[in-house]
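Only one structure is covered here, and it is reproduced in the block below.
Residue numbering restarts at 1 for every chain, and letters A, B, ... go by the order of the sequence lines. Worth knowing before you read on, the calculation uses all heavy atoms, side chains too, and leaves out hydrogens, waters and symmetry mates.
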Amino acid sequence: MADEPLVLGIETSCDETGVGIVRGHALLADALASSVEQHARFGGVVPEVASRAHLEAIVPTMDRALAEAGVTIADIDAIAVTSGPGLAGALLVGVAAAKGYALAAEKPVYGVNHLAAHVAVDTLEHGPLPEPAIAMLVSGGHSSLLLIDDLARGVTPLGATIDDAAGEAFDKVARLLGLPFPGGPYIDREARAGDPAAIGFPRGLTAAKDLAAHRYDFSFSGLKTAVARWVEARQRAGEAVPVADVAASFQEAVCDVLTAKAIDACRAHGVGTLVIGGGVAANSRLRAMAEHRAAKHGIRVRVPRPKLCTDNGAMVAALGSHLVAAGVAPSRLDLPADSALPLTTVSV
Amino acid sequence: MGGAGAGAGRAGGVSPGVTAGRLGWSIVLVLVVDSSTPAVTAALVEVSAEGVASRAHRCTVDARAHGELLAPQVDAVLADADARPRDLTAIVAGLGPGPFTGLRVGLVTAATMGQVLGIPTYGVCSLDGLGHPVAAGEPVLAATDARRREVYWAVYDGAGQRIAGPNVDAPVVAADRARELAVTVAVGDGAHRYADVLGLPLRAEPRYPDATALAALAAERIRARAPGEALTPLYLRRPDAVAATARKPVLP
Ligand SMILES: [Zn+2]
């Protein structure tokens with residue numbers, strides 16, 4: 001509808017420079033520039049390399065988004081930007097850019113929470129989110145379970161990883177198996193030819209004694225080490241490493257823990273909707289297992305398409321649009337980039 | 001970044017310096033930003049055929065809050081001058097060198113504002129905003145703090161032309177080069193910080209890149225309505241990053 005707010009979103013919390021434009025819940029543009037190739041030889045994102053790339057990419061990415069949506073910046077009603085959490089220097093480029101656009105075009109600016117944006121993006125695909133809902137965000141930077149009471153004003157963190165993020169575990173195991181960075185898609189592909197029950201890798205924080213204190217928390221460090229031990233033992237014995245079986249068994253262990261805890265959270269809170277976001281949400285086994293397990297309890301699983309699961313500008317625009325519609329006040333021009341922005345803060 | 005900008009071609013092939021005053025569009029409003037040092041600076045200056053004059057100026061020294069401070073300061077100088085963003089004709093930005101995170105704040109602010117307003121952006125080496133105004137007849141060393149016990153530095157001749165740098169080095173290296181170039185005075189917060197190593201008389205002002213000087217150094221391009229340029233930071237240092245090394249085994 002033409003009278004719904006036209007909102008622009010800017011995302012620079014990690015290695016993707018994203019500019020998205022939405023009208024209400026309709027996605028009009030989702031332009032992205034990635035510096036992922038510049039990080040590949042380092043085996044992980046190098047913050048300064050990412051920050052430099054954001055500065056170079058922001059203006060051309062904005063141009064592409066405006067052209068794709070067929071609007072000018074004068075048409076925009078509000079500008080939303082990821083103010084945290086994320087890499088401090090990278091966030092700062094996006095926040096300063098959003099302020100530059102807001103100042104010059106005399107528009108309001110909203111500094112928003114990256115994780116809440118990962119949840120909000122699903123509204124572009126599946127419409128308004130029933131509240132309360134449970135959200136599981138899994139990527140190279142985060143692994144969190146959230147209770148979404150009111151996406152415009154506050155979410156309740158239920159649990160998070162106590163060591164590696166889920167995506168990080170995928171990257172590290174991929175490297176161990178000689179697969180490229182980022183590892184997620186390669187593990188997923190290899191796993192299709194493997195046996196998920198071939199090797200019984202550990203499920204972190206699922207034992208009864210761990211559940212008492214860490215019911216909704218995750219741990220992937222022990223799993224990563226177990227895979228490394230298993231692979232090294234094979235190599236030392238002079239035997240070939242069955243890459244597909246290792247990939248499938250590792251992936252099974254990750255997905256088993258993630259979905260079990262997410263479904264447990266839904267049931268414990270009497271919630272009928274589970275939203276999954278973040279780069280790992282693109283994993284085919286995670287989607288299938290979540291849907292299978294949720295169906296048994298009458299829980300609906302909502303996963304946006306893969307391009308919307310990874311970091312992008314559209315998710316920030318989607319959250320901005322939600323905030324504008326909810327009548328939330330814009331941020332001040334001195335809004336900071338906050339690398340440790342707490343989950344309870346949806347907009348600053 | 002900002003394109004050639006509105007008004008390009010208005011000079012009509014005639015030297016704007018000659019006809020500008022008569023045609024009445026000679027005085028233009030320019031935004032200047034510099035975030036290459038602990039000082040965060042925003043200024044509005046008027047550029048005319050005759051010279052460059054400051055209209056409004058905000059400067060805060062806080063190395064940790066460039067991202068918070070700059071946009072409100074731009075907003076404030078516009079309000080001080082009773083101007084709106086659309087009244088701007090060009091934006092001048094200090095390109096550094098400077099600590100990367102803070103430096104980028106000024107450049108991305110200038111670039112995004114230039115993009116929205118369709119006006120050109122011009123970059124000037126931030127050290128020029130220290131060395132150029134001070135070099136009145138004698139060679140000068142301009143230095144800012146590069147952290148890690150190093151300085152960003154450049155040397156200017158008596159006419160204010162940069163004859164060495166910008167570079168990043170230990171203060172003793174800058175001191176040696178300054179001596180070779182017969183420098184007699186030093187300026188900038190880096191020079192104050194390492195005064196004992198440099199062994200040169202100090203100028204108290206400017207301590208940080210001077211906004212009016214930065215505008216003056218871009219004035220010819222502004223008057224000629226020269227095409228804007230992409231604002232490429234003078235990093236001078238490579239990112240700290242090491243290529244992934246062989247993985248450590250977990251088995252003993
Ligand atoms: Zn993310």
Side-chain angles (χ1 to χ4, degrees), chain A residues 10 12 38-44 46-52 54-56 58-60 62-63 66 72-74 88-107 109 172 175-176 181 224-229 231-233 235-236 332-337, chain B residues 1-3 31 33 35 42 60 64-76 78 84-86 88 91 99-119 121 230-233 235 237-252:
Chain A
I10 297 173
T12 65
Q38 297 179 52
H39 306 285
R41 71 195 172 97
F42 302 110
V46 181
E48 176 59 21
V49 171
S51 299
R52 291 183 180 197
H54 287 310
L55 177 62
E56 286 174 27
I58 188 72
V59 167
M62 176 63 70
D63 276 334
L66 292 170
T72 70
I73 203 139
L91 288 167
L92 194 54
V93 176
V95 170
K99 292 181 191 181
Y101 290 126
L103 259 174
E106 302 182 87
K107 306 289 183 186
V109 62
K172 287 174 178 171
R175 199 168 149 220
L176 191 72
F181 171 87
K224 173 194 73 189
T225 307
V227 177
R229 283 175 168 276
V231 168
E232 277 175 34
Q235 287 166 334
R236 289 200 185 173
R332 293 168 13 156
L333 267 183
D334 64 353
L335 84 100
Chain B
M1 311 267 159
L31 172 68
V33 295
S35 62
T60 311
R64 317 199 54 108
H66 288 41
E68 286 93 322
L69 292 168
L70 184 58
Q73 288 189 176
V74 171
D75 199 37
L78 285 164
R84 293 181 67 177
R86 68 180 67 144
L88 297 172
I91 302 175
F100 311 150
T101 305
L103 174 61
R104 275 188 288 264
V105 170
L107 298 182
V108 74
T109 302
T112 51
M113 290 190 71
Q115 182 185 18
V116 171
L117 299 169
I119 59 176
T121 56
L231 299 173
T232 306
Y235 287 124
R237 282 179 178 143
R238 303 177 77 79
D240 285 328
V242 281
T245 47
R247 198 184 55 80
K248 275 197 289 230
V250 292
L251 290 181

Rounded distance [0.5 Å steps], CD in B:Gln115 versus CG in A:Leu66: 7.0 Å
Pairs of heavy atoms under 4.5 Å with chain A: top-ranked of B:Leu70, B:Val74, B:Asp75, B:Leu31: B:Asp75
With the threshold set at 4.0 Å, does a side-chain nitrogen-carboxylate oxygen contact exist between A:Arg332 and B:Glu68? no
Start with the C-alpha gap between B:Met113 and A:Leu103, add the side-chain angles, then the distance that decides, and say whether side chain to side chain contact (heavy atoms under 4.5 Å, CB included) holds. CA-CA 7 Å; B:Met113 290 190 71; A:Leu103 259 174; 4.3 Å; yes
So what's closer than 4.5 Å to chain B heavy atoms on A:Ala105: side chain, backbone, both or neither? both
Say you draw a straight line from OH of A:Tyr101 to CG of B:Leu117; how long is it, rounded to the nearest 0.5 Å? 11.5 Å
Given heavy-atom pairs under 4.5 angstrom as the criterion, report whether the side chain, backbone, both or neither of B:Arg238 touches chain A. backbone
Return the minimal non-hydrogen interatomic distance between B:Pro239 and A:Arg52, and the atom names on each side. CD-NH1, 3.5 Å
Using non-hydrogen atoms and a 4.5 Å limit, figure out which bit of A:Ile73 sits close to chain B: side chain, backbone, both or neither. side chain
Which heavy atom of B:Val108 sits nearest a heavy atom of A:Ala97, and at what distance? CG2-CB, 3.7 Å
Taking A:Lys99 for the side chain and B:Gly67 for the main chain, is one N or O donor matched with an acceptor at less than 3.5 Å? yes
Can you say whether A:Val93 sits under 4.5 Å from chain B via the side chain, the backbone, both, or neither, judging by heavy atoms? both
Any idea which heavy atoms bring A:Ala96 and B:Thr112 closest together, and the distance? O-OG1, 4.5 Å
So which heavy atom on A:Ala104 is nearest to which on B:Pro85, and how close? O-CB, 3.7 Å
